[in-house]
Amino acid sequence: MTQIAVSVQDGEQKQFASGITIAEALKDLVSNKQRKQIVASVCNGLPSDLGTTLTTDSVLEPILLASEQGLDILRHSTAHIMALAVKNIYGNDVKVAIGPAISDGFYYDFDKKKAFSPEDFEAIENKMAEIVAGRLPFERQEVTKAEAIKLFDELGESYKVELLNDMEADPVSIYKQDGFIDLCRGPHIPDSSWLKVFKLLRVAGSYWRGDEKKQMLTRIYGTAFTDKKDLKRYLNQLEEAKKRDHRKLGKELGLFTIQDQIGPGLILWQPKGALLRKLIEDYWKEEHYKSGYELLYTPHIARQDLWKTSGHLDFYGENMYSAMEIDEVMYQLKPMNCPFHIGVYNATKHSYREFPIRWCELGTVYRYERTGALHGLMRVRGFTQDDAHIFCRPDQLEDEIFNIIDLNLHILKTFGFDEYDVYLSTRPEKYVGSDEHWELSTDALKQALEKKGLNYSIDPGEGVFYGPKIDIKIKDQLGRSWQCSTIQVDFNLPERFQMTYTGEDGAEHQPIMIHRALMGSLERFIGILIEHYAGAFPLWMAPEQARIMNITDDQGEYCERVFNQLRKAGIRISKDLRNEKLNYKIREAQLKKISYMLIVGEREKEEGTVTVRMRNGKNLPPMRPEQFVEFIEKECEEVTS
RNA sequence: GCCCACGUAACUCAGUGGUAGAGUACCUCCUUGGUAAGGAGGAAGUCACCGGUUCAAGUCCGGUCGUGGGCUCCA
């Protein structure tokens, strides 16, 4: 019999008879204790089942169940077990589509006449528990593609047949479990008893292969863990995210409202939210002024011809609202601000000496979003871009990009975001502009990123047709990432609008145009801020920095005086002089996430002070109102300067 | 847009074919209390909208509008 040499990576090599399974080999290669944790193994670079037979010299890298890869396998197998349960319950009423592991769990798509609803979960989970108790093995088998097609065709599993037809692999692997046969690459847990902790989470519709022209399937999401505690932690995380949901907090804190009567995707800012927004806008404008930008204001509609010239009707028309007729001329709502800024540019003649020109605007745009895509402040139909356009000469491009990134990161940091993922997107297949231009500007973007010392990944071919771009994604408190900032070079619009400047040589040249948004959409950015801070905003942008409250009516007048003094000094303060107990007032202010409570009893009234209670429940020593003003101003300055 | 779920007082929600409910908020009164809910009373709803079934509809059926979870992390 042939002998083969098998070893665990970095471990001792041993001789075995050819045909031995990985599981058997591992018995001799690792300790018993360790072996119980091993769910599968990478074998010569290929993730494999423990039941895989070895016929050549092999190097094994065991996969521990609790590792990331192990969890993936467990969840993938759980998807299969769920499919088996579903097939057991509903038989030929369901066809299976695909069922992969995803980042926090798994899903399986089914074709079923009447879609699943959460009420079906109990039955499915019970059946899954039975399967787990039955210790059903996952049996792998390799068959030719033709055999597999025949097999799944006979089983009536047309989605599998379609998958097979599109696949290049041949032979392919199938897994059998208690009569349920699934096309699958594997690997899997050896048998169903490895599954200890699982939960079905939600149902959703999904198109076959994500294509809305194709069949709508019904998807069940679930998750699996090795430990009950992990599942609990995961469910807690979901709860935490729910608590921070900007739609819930927006309502509770009185920030914004969306109403049927007004229309979906259209935001009404309530006083507190409007103040928050104003504070953000003011800060934004100030920083832009400091960085050499000038502010523009432009209208919300323009003649349709403008959008023809800009190319928006051709390339972006589907996202634009229908035209309206004014004095027999067609006008359309703006989906972007750029043509207006170009209008400002073209209003006068320009010399190379003026460059770089940096114009910014908080421009409100309107874009059609499908009803199913709308989501609180995160996806709306009318929103305000923190837009800017820079016009410059080719030799200024790199410096300008550097300055933009610099300003960008500075502002994001002030808002509390200091973790980023940066992407550079290069020339796509379809593009305008000369190769020379593309090379020059892609290079400028790269140089600027490197000079700034930023790590970035390249998205080849993902640039917009009119120029390369840099995207910056920020990470929030819960570790979720959001794409907000984008910096795009544009060779298209200067050409379409025949923009020019007079060069050193006296001839007319075309300027380079950079589009740039930093927060992206103000609405969405505020949504992100609400969730990032769970509604407890840093002092400098808190709409309510302080609330003064009396202990009994006797301090009412004194409180009024202090309130007026602080308000005049620019503190964003409210008062609670109601005939209620202190406890009650504190609780309410706490729930509204107000930064400081100013508590006034007889002592404070007599001494002319206030006692400052912080959000964490601790008190600062009593201070005079003017000391409190200084204190607030100092705290704000530390962040925004 | 499509699939599923949901839409009841300002808010959070209960109400499974037979007289619209609770808690919170709001208003009035009592209470004047030092760090997360004092007490009593009152007012408040076209049960999203339109139509149908029924002696009878918040409840069942159909449609419209809106909200939520999703709609390739590819066997």
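Note on naming: letters A, B, ... go to the chains in the order of the sequence lines (proteins, then strands), and numbering restarts at 1 for each one. Values reported hereafter were calculated over all heavy atoms of this structure, with side chains retained and with hydrogens, waters and symmetry mates removed.
- In this structure, the nucleotide among C71(B), C4(B), G69(B) sitting nearest to the side chain of R247(A) is G69(B).
- Straight-line distance from the CG atom of N319(A) to the P atom of G1(B): 15 Å, rounded to whole Å.
- Between the side chain of R277(A) and the backbone N or O of W269(A), no donor-acceptor pair lies under 3.5 Å.
- A cation-pi contact, defined as under 6.0 Å to the ring centre and within 45° of the axis, is absent between K214(A) and Y207(A).
- Base contact: E604(A) has a heavy atom under 4.0 Å from a base atom.
- Using a cut-off of 4.0 Å between Lys/Arg side-chain N and Asp/Glu carboxylate O, E142(A) and R140(A) are scored as salt-bridged.
- At the heavy-atom level, E602(A) lies under 4.0 Å from base atoms of the strands shown.
- In secondary-structure terms, RNA chain B builds stems of at least 3 consecutive Watson-Crick or G-U pairs, each pair having both distances under 3.5 Å, at B:1-7 with B:65-71, B:10-13 with B:21-24, B:26-30 with B:38-42, B:48-52 with B:60-64.
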Salt bridge (charged side-chain N to carboxylate O under 4.0 Å, His left out) assessment of D104(A) paired with R75(A): CA-CA 9 Å; D104(A) 285 315; R75(A) 287 167 178 166; 5.2 Å; no
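- Across G66(B), U35(B), G70(B), the shortest atom-to-atom separation from the side chain of R202(A) is found for G70(B).
- Among the nucleotides C4(B), G1(B), G34(B), the one closest to the side chain of P118(A) is C4(B).
- Interface residues of residues 208-219 of chain A facing RNA chain B, ordered by number: R209(A), G210(A), M216(A), R219(A); criterion, heavy-atom separation under 4.0 Å.
- M597(A) comes within 4.0 angstrom of no nucleic acid atom, judged by non-hydrogen atoms across all strands.
- Taking the six-membered ring where tryptophan is involved, the planes of Y108(A) and F110(A) are essentially parallel, since the angle between them stays under 30° and well short of 60°.
- Residues from residues 90-110 of chain A placing a heavy atom under 4.0 Å of any atom in RNA chain B, listed by number, are I98(A), A101(A), I102(A), S103(A).
- The phosphate of G69(B) has OP1 or OP2 within less than 4.0 Å of a side-chain N or O from H375(A).
- For R370(A), no side-chain nitrogen or oxygen approaches OP1 or OP2 of G70(B) to under 4.0 Å.
- A donor-acceptor contact under 3.5 Å is formed by the side chain of Y207(A) with the base of G1(B).
- Close to U12(B), at under 4.0 Å from its OP1 or OP2, lies a side-chain N or O of K251(A).
- Of the candidates A36(B), G66(B), C26(B), the closest approach to any side-chain atom of R578(A) belongs to C26(B).
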Chi angles and distances behind the ring pair (Phe, Tyr, Trp, His ring centres under 6.0 Å) call for Y175(A), H188(A): CA-CA 9 Å; Y175(A) 279 81; H188(A) 278 288; 4.6 Å; yes
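- The nearest whole Å value for the distance from the CG atom in L200(A) to the P atom in G69(B) is 19 Å.
- Among the nucleotides U67(B), U35(B), G70(B), the one closest to the side chain of A204(A) is G70(B).
- The side chain to side chain donor-acceptor pair (under 3.5 Å) with H246(A) is formed by just one residue from the set K251(A), H532(A), R524(A), E531(A); it is E531(A).
- For the OP1/OP2 pair of G39(B) and a distance below 4.0 Å, the side-chain nitrogens and oxygens of Y584(A) include no atom meeting the criterion.
- Rounded to an integer number of Å, the gap from M378(A) CE to G68(B) P is 12 Å.
- The base of G1(B) does not come close enough to the side chain of E369(A) for any donor and acceptor atom to sit less than 3.5 Å apart.
- When the P atom is compared between G15(B) and C60(B), the two are found 12 Å apart, to the nearest whole Å.
- One atom, CD of Q259(A), and another, P of A48(B), lie 17 Å apart when rounded to the nearest Å.
- For S117(A), taking side-chain heavy atoms from C-beta onward, the closest of the listed nucleotides A5(B), A37(B), G70(B) is A5(B).
- Relative ring orientation between W208(A) and Y159(A) is described as perpendicular, the plane-to-plane angle rising above 60° on a 0-90° scale split at 30° and 60°.
- At least one side-chain heavy atom of L268(A) sits less than 4.5 Å from a side-chain heavy atom of I262(A).
- When the nucleotides G34(B), G70(B), A36(B) are ranked by their closest atom to the side chain of N583(A), A36(B) comes out on top.
- Separation of the P atoms belonging to C30(B) and G66(B) is 50 Å when rounded to the nearest angstrom.
- Closest contact between the side chain of I551(A) and the listed nucleotides C4(B), G34(B), A36(B) involves G34(B).
- Using a 4.0 Å heavy-atom cutoff across all strands shown, D553(A) reaches at least one base atom of the nucleic acid.
- Which of A36(B), U12(B), C3(B) sits closest to the side chain of A115(A) comes down to C3(B).
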